Amino acid sequence: MNWCRSVQSLVKSAFSGKIRQESSNYAQLRYMSRVKSRHTAPRHFWMKKERARYPEELSSENEAFLREVVSDRYESPLRHHPPAAPLAYTPGVRRCGLVARKIAVQPIWLSNGKYVNTTLLHVADNHVVGYVPPEMLNQNEVVRRRWKEQYRPLAGLVVGADQEDPTKFTKEYANMFLEAGIMPTKKLTRFTISPEAALAPGTRLRATHFQVGDYVDVYAKTRERGFQGVMKRWGFAGQPATHGATKTHRRPGGIGSGAQKSRVWPGQKMPGHMGGQYRNLRGLKILRINTKHDIIYVLGHAVPGDHNDYVLIHDTVLPLRRRKEPGTVITDEEAAQLPEDIFHPDVHQMAAPSIVF
Amino acid sequence: MLRRRTRIEIPEFYVGSVLAVTVSDPQAPGKTSRFVGICILREGHGLRATMTLRNAIDQQGVEICYPLYNPTLQKIEVLRLEKRLDEDLRYLRDCPLEYSTFAFDMEPEHAADSGEVPVNPVKVPLRPRPWTWRWERAGMKGLIVPELREDFYERAKKVSEPWHKYDLMREYRRSVPVEDQREIYAEVHEHVQSLETDQRRVRRRRVFVAPKKTS
């Protein structure tokens, strides 16, 4: 009943993508080349976010009235503004991250004359939308498993970015933002945090959440490459261009693995859809922060995603890159007095004199 | 970019001008190194703008690509301000070395301020084949291409793309439209004015030589 066992193990290890095949004298561990998690449509259990737009043929007075209602609700001076609870980095405490947009890749010169590329991540309009207590987060099987591995309770902080006109969304979605008192956001995401790092809903998050010299991890969806062949997708070598190769130059070649198996292994690398997957890029150093426009300059140009794509930034999980000393707390008044650009000491500022060795 | 230009004067120059560049170099004696050469190429935009200078030293052609906004550049001098018939002088790699040789102790040649940049109509001959590029197809005006076999020209005609000169979108993508140019110049105008007055002041200061006692 070898095949029965193999199917069971396949189902059990669906998340990790590992397949253990035990037969005869040896146990071979095979990794699924990638776990297929691509969803082109929203899941059926998600709430509807955008409402169907149809021509309502409102008069100009009614349109102006609607805009007035929206501005009264969200820009009223009587609206409750929660105190900007600044949360500096504390070693051992997992705090929330930021939702940014990848806007540019620009060069920077370091003070030793070295030329590096930096990616500009624009932290626009980030607000804390809600707090998810550990008991609620625990209901998710995946989180529970991770929780057990770490032996501590984890909470969630829902962060929204890029507020939009509430008339574009459904009532159900817009009601999620009532506690925060902000307009519904285009992008909504959840960060797993320690319960000590909870923030009040409505708190504005800015680029000064991080400090220059910090290392961050970036989580974003890679660029869509469509249906790709085996050479681009998996790095296969292909076949020779000449010397008699008949109609075979970029094909996978053989896909079998011998007479014993007599079948193709599940997870065999083949052509298919490439790109559009969420990936982590770890340990990126922050070289510069622009406080006026809330832009974080991160070392490297390989941040996944296209121009203007959303990117999640959070403190790095790499143990050797984590800061040992706690960060400084920056209140709103202090933030207003910060210089427009904060540079890392290693970075050469263009206003400074030329580099002399 | 404007902040960098307050620290170093990046003069007006074109492909075909002869420049001298002083760079701070940790390995060089005196920690600076100076290179003189003809500008054969200008590429890139914004902070990534570069220029390539070519010279022949000890019968060896040498090309160095300098990013214009590199903070290790200490000085850029234009020794000869002129243009050539082409915007790209990479054919000098296949020409006799005498056309790429410029003395390191070359004095700056001040042309009369007529407002227009002189165009050097020199036509450079090529060395015998093999070349680094198919110069018979390139259509370079400042280059004398020798007569080749018939099949070279037949093949050139087959692979030629004569419709490019009618491609408006291609030209649009290659250049900055006039409306955007006006916007950019308006933004930069006030900074450029103050920069120019500062640079003129510095230049006058340098020219002044203190009088020596004769008795």
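Protein chains get the first letters and strands the later ones, always in sequence-line order, with residue 1 at the start of each. Model, not experiment: these values are computed from the prediction.
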message = With a 4.5 Å cut-off on side-chain heavy atoms, are B:Tyr69 and A:Pro107 touching?
response = no
message = As an exercise, state the distance from CZ of B:Arg3 to CD of A:Gln349, rounded to the nearest 0.5 Å.
response = 8.5 Å
ask   = Within a radius of less than 6.0 Å around CD of B:Glu187, do more than 12 heavy atoms belonging to other residues, nucleotides or ligands occur?
value = no
message = Tell me if the CZ atom of B:Arg127 is crowded by more than 12 foreign heavy atoms within 6.0 Å.
response = yes
ask   = Does A:Asn117 reach the side chain of B:Arg48, with side-chain heavy atoms less than 4.5 Å apart?
value = yes
key: Atom NE2 of B:His189 with >12 non-hydrogen neighbours under 6.0 angstrom   = no
inquiry  = Are there over 12 heavy-atom neighbours, none belonging to A:His301, within less than 6.0 Å of that residue's NE2?
reply    = no
inquiry  = If you count heavy atoms of other groups shown closer than 6.0 angstrom to CZ of B:Arg34, is the number above 12?
reply    = yes
inquiry  = If I measure from the heavy atoms of chain A, does B:Leu2 come under 4.5 Å with its side chain, its backbone, both, or neither?
reply    = neither
task = Might you point out which heavy atoms bring B:Pro71 and A:His348 nearest each other, and give the distance in Å?
result = CB-CE1, 3.1 Å
message = Heavy-atom count check: over 12 atoms from other residues, nucleotides or ligands less than 6.0 Å from B:Glu87 CD?
response = no
inquiry  = Does B:Glu107, at its CD atom, have more than 12 non-hydrogen atoms belonging to other residues, nucleotides or ligands within less than 6.0 Å?
reply    = no
ask   = Taking all atoms of both residues into account, what is the closest heavy-atom pair of B:Gln74 and A:Ile355, and its distance?
value = NE2-O, 4.0 Å
task = Could you tell me which portion of B:Asn70 (side chain, backbone, both or neither) has an atom closer than 4.5 angstrom to a non-hydrogen atom of chain A?
result = both
query = Relative to chain A, which of B:Pro67, B:Pro26, B:Gly46 shows the most heavy atom pairs under 4.5 Å?
reply = B:Pro26
message = If you count heavy atoms of other groups shown closer than 6.0 angstrom to CD of B:Gln59, is the number above 12?
response = no
request  = Measure the NZ-OG distance between B:Lys75 and A:Ser354 for me, rounded to the nearest 0.5 Å.
outcome  = 12.0 Å
key: Whether B:Arg7 side chain and A:Ala351 backbone form a donor-acceptor pair below 3.5 Å   = yes
ask   = If you count heavy-atom pairs under 4.5 Å with chain B, which of A:Gly113, A:Pro353, A:Ser111 comes out on top?
value = A:Pro353
query = Are the side chains of A:Phe357 and B:Thr32 in touch, meaning some heavy atoms are under 4.5 Å apart?
reply = no
request  = Would you name the heavy atoms of B:Leu47 and A:Trp109 that are closest together and state the gap between them?
outcome  = O-CH2, 3.5 Å
